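None of the values given here were measured: they were computed from a predicted structure.
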Amino acid sequence: LKTEEILMLKDELMSIFAALGEVQGHIKDAGVAELVRGCRRNLKAAAEQAEELEQRLVPAEAVEVG
């Protein structure tokens, strides 16, 4: 993966996480709700891993704004 793709991966995963959170509030079936909760946990964990990769791959001076 390119650095830009890693940076975008975390954002994409968190976007899906948030969208599923909106859907979760409308689910009536307990089994389906638990499935969505599990998916959200996995997405959050994957986003955290993507962030760790980002921090390792991108030199600090490359992300400084200024």
Q: Below 3.5 Å, can you tabulate the donor-acceptor pairs from side chains in residues 14-30 to any protein atom, sequence neighbours excluded?
A:
unit_1	atom_1	unit_2	atom_2	d
Gln24	OE1	Arg40	NH1	3.4
Asp29	OD1	Gly31	N	2.9
Asp29	OD1	Val32	N	2.8

Q: Taking side chain to side chain donor-acceptor pair (under 3.5 Å) as the cut-off, I'd like each qualifying pair that reaches into residues 30-39, sequence neighbours left out, listed once.
A: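 Every side chain to side chain donor-acceptor pair (under 3.5 Å) pair that includes a residue of residues 30-39, provided the two are not neighbours, is Glu34-Arg37, Glu34-Arg41.
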
Q: From Gln49 CD over to Leu13 CG, what is the distance, rounded to the nearest 0.5 angstrom?
A: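 The distance works out to 9.5 Å.
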
Q: Glu48: which residues meet the salt bridge (Lys or Arg N to Asp or Glu O under 4.0 Å) condition with it, sequence neighbours left out?
A: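 Checked Glu48 against salt bridge (Lys or Arg N to Asp or Glu O under 4.0 Å); zero matches.
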
